[in-house]
Protein chains: 2
Amino acid sequence: MVHVRHREPPPAVDQLRLTDVLAALSDPLRVGLVRQLANGEERCFSEFNVPVAKSTLSHHLCTLRGAGLTDTRGEGTRSYVRLRREDIEARFPNLLDAVLDAADRDDVGNHVSVSSGPA
Amino acid sequence: MVHVRHREPPPAVDQLRLTDVLAALSDPLRVGLVRQLANGEERCFSEFNVPVAKSTLSHHLCTLRGAGLTDTRGEGTRSYVRLRREDIEARFPNLLDAVLDAADRDDVGNHVSVSSGPA
DNA sequence: TAGCTTGTTCGATGTTCACCGAATATCGAA
DNA sequence: TTCGATATTCGGTGAACATCGAACAAGCTA
């Protein structure tokens with residue numbers, strides 16, 4: 001598991017490492033976050049409805065970013081996250097789709113939801 | 001990560017949990033083991049050539065088994081391992097293939113090899 | 001400028017993990 | 001039954017992880 005500061009740029013496509021990606025996806029809450037991002041829409045930090053403290057949410061988003069699964073963009077005091085779907089697909093074809101399918105079957109991370117818009 | 005005694009039966013197909021599977025595959029050595037088992041052949045414990053102590057190898061095989069990725073069969077003093085490919089496929093279609101493809105690209109777990117036969 | 005909102009970072013805690021060597025169990029062979 | 005081979009389990013260690021609340025920084029807004 002790679003630890004990355006929020007401010008550092010996320011890993012480039014050819015630097016994505018399989019075991020880091022899988023480690024990032026081995027937590028139900030993070031899978032839930034990825035599922036909510038799967039439609040390609042950008043989501044604001046405060047839109048996520050999760051049963052953990054906001055510092056913990058920040059940490060999980062940091063982990064996803066460190067593994068290269070997501071990217072984060074700051075706008076004012078807000079932070080927007082999106083899934084790097086094309087990048088993952090380019091590096092590891094079919095992997096993300098297979099995981100998302102499996103997550104749907106298992107209903108993994110169903111304790112994660114998103115509000116309609118920024119709070 | 002589920003901890004399982006070797007003697008307990010591995011999880012049934014419908015009990016496989018995605019995050020357990022991904023956690024088991026988030027370690028390079030375990031990915032290497034899975035790659036060596038990918039052709040469907042059964043392998044003996046002592047066939048594996050890995051850069052860790054045998055107690056550590058035992059632990060990793062236990063982890064794979066606990067996640068439902070492999071099954072183990074004892075014969076005499078020997079222990080034979082096989083990949084539960086059909087079971088994984090039935091539960092999580094395309095997942096294992098996608099991971100194996102990605103592992104080939106990344107050459108993950110290349111420090112794992114197998115000898116020609118049981119020592 | 002003062003204050004509010006938003007999100008990150010810090011410090012701390014308990015859990016889990018990878019790893020090793022030693023001890024133990026199990027089986028086959030002498 | 002004694003010995004050697006094989007594999008699992010035990011005890012311990014250091015690193016990594018999930019989690020929280022508090023402190024902090026950065027940006028709006030009044």
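In what follows, chains carry the letters A, B, and so on, assigned in the order in which the sequence lines appear, proteins first and then strands, with residues in each chain numbered from 1.
Panel note: side chain Arg30(A), backbone His60(A); no donor-acceptor pair is recorded below 3.5 Å.
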N/O contacts under 3.5 Å, protein versus nucleotides 28-30 of chain D?
none

Check nucleotides 20-24 of chain C for protein N or O atoms closer than 3.5 Å to its own N or O atoms and list the pairs.
{"unit_1": "dC20(C)", "atom_1": "OP2", "unit_2": "Ala53(B)", "atom_2": "N", "d": "2.7"}
{"unit_1": "dC20(C)", "atom_1": "OP2", "unit_2": "Thr56(B)", "atom_2": "OG1", "d": "2.8"}
{"unit_1": "dG21(C)", "atom_1": "N7", "unit_2": "Ser55(B)", "atom_2": "OG", "d": "3.4"}
{"unit_1": "dG21(C)", "atom_1": "O6", "unit_2": "Ser55(B)", "atom_2": "OG", "d": "3.0"}

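As a whole-Å value, the separation of Leu61(B) CG from dT6(D) P is 16 Å. The separation between Phe48(B) atom CZ and dT6(D) atom P is 16 Å, rounded to whole Å. Rounded to whole angstrom, the span from the CZ atom of Arg73(A) across to the P atom of dG27(D) amounts to 14 Å. A straight line from CZ of Arg43(B) to C1' of dA7(D) spans 19 Å, rounded to a whole angstrom. Atom P of nucleotide dA26(D) and atom CZ of Phe45(A) are separated by 17 Å, given to the nearest angstrom. Computed from coordinates, the Tyr80(A) OH to dT6(C) C1' distance equals 11 Å when rounded to whole Å. In this entry the distance linking CG of Leu29(A) with P of dA18(D) reads 10 Å, nearest Å.
Screening Arg78(A), Arg73(A), Arg82(A) for a salt bridge (Lys or Arg N to Asp or Glu O under 4.0 Å) with Glu42(A), the sole residue that qualifies is Arg73(A).
Qualifying side chain to side chain donor-acceptor pair (under 3.5 Å) partners for Asp101(A), counting only residues two or more places apart in sequence or in other chains: none. With sequence neighbours excluded, the residues that form a salt bridge (Lys or Arg N to Asp or Glu O under 4.0 Å) with Arg84(B) are Asp87(B). Taking Asn49(B) as the reference, nothing meets the side chain to side chain donor-acceptor pair (under 3.5 Å) condition, with sequence neighbours excluded. Taking Asn94(A) as the reference, nothing meets the side chain to side chain donor-acceptor pair (under 3.5 Å) condition, with sequence neighbours excluded.
Between His59(A) and dC20(D) there is no side-chain N or O to OP1 or OP2 distance below 4.0 Å. At the phosphate of dT5(C), neither OP1 nor OP2 sits under 4.0 Å from any side-chain N or O atom of Ser46(A). At dT26(C), none of the side-chain N or O atoms of Arg78(B) fall inside 4.0 Å of OP1 or OP2 (strictly under the cut-off).
Nearest nucleotide to the His60(B) side chain, out of dA18(C), dA7(D), dT8(C): dA18(C).
Residues Ser58(A) and Phe45(A) have side chains in contact (heavy-atom distance under 4.5 Å, counting atoms from C-beta outward).
A salt bridge links Arg35(A) with Asp107(A): at least one charged nitrogen is closer than 4.0 Å to a carboxylate oxygen. Look at Asp97(B) and Arg85(B) and you find a salt bridge, because one of the NZ, NE, NH1 or NH2 atoms lies within 4.0 Å of a carboxylate O, short of that distance.
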